[in-house]
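See below for the structure under consideration.
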Amino acid sequence: RRISKTFSDNLSDRFIAAPWAKADGPFPAGKNIVLARWYADPRNPSDLQSQRGVRQSCGSVSGQAIMDFMKNYPATDAPEPNGG
C-alpha cells in the first residue's frame with residue numbers, strides 16, 4: 001500500500017496487490033513482481049477492440065519502473081467509468 005501512495009494519478013485507493021493465479025500460466029522466469037493494468041484507448045474507452053491487459057515483469061521492486069508503468073498506462077485510460 002505504501003507504494004500506491006506515490007502515484008500521481010490520485011487513484012491510490014485502486015491499487016491492488018494480488019497473488020499470481022495458476023490460470024495466468026507460469027510466473028515469468030527470473031522475475032519477482034508483475035505490474036498489470038487493464039487499458040483502453042482513452043479517445044474511445046468503450047471500444048472493445050482497443051481494450052487489452054498490459055503487463056510488465058520485473059526482477060525486483062523499482063519505484064522508477066512503477067512510475068514509468070503508471071505514466072504509460074494511467075488509471076484514467078481504463079475502460080471503466082472514472083478510470084477504474
Scan for ring-ring contact (aromatic ring centres under 6.0 Å, His included) pairs involving residues 41-78, sequence neighbours excluded, and state none if there are none.
-> Y39-Y73, F69-Y73

Side-chain contact, heavy-atom cut-off 4.5 Å: R37 with Q56?
-> no

Let me have the donor-acceptor pairs involving side chains of residues 17-32, under 3.5 Å, with sequence neighbours excluded, atom names and distances please.
| unit_1 | atom_1 | unit_2 | atom_2 | d |
| --- | --- | --- | --- | --- |
| W20 | NE1 | G25 | O | 2.7 |
| D24 | OD1 | R55 | NH2 | 3.3 |
| N32 | ND2 | G59 | O | 2.4 |

Output all residues satisfying salt bridge (Lys or Arg N to Asp or Glu O under 4.0 Å) with D41, sequence neighbours left out; order by chain, then residue number.
-> R43

Separation of I33 CD1 from L35 CG (nearest 0.5 Å) = 5.5 Å

Would you kindly confirm whether W38 and V54 end up in one hydrophobic cluster when ILVMFWY residues are joined by side chain heavy atoms under 4.5 Å apart?
-> no

Determine whether P45 and D47 make a side-chain contact, defined as any pair of heavy atoms from C-beta on separated by less than 4.5 Å.
-> no

Would you indicate whether the side-chain heavy atoms of M70 and N72 approach each other to under 4.5 Å?
-> no

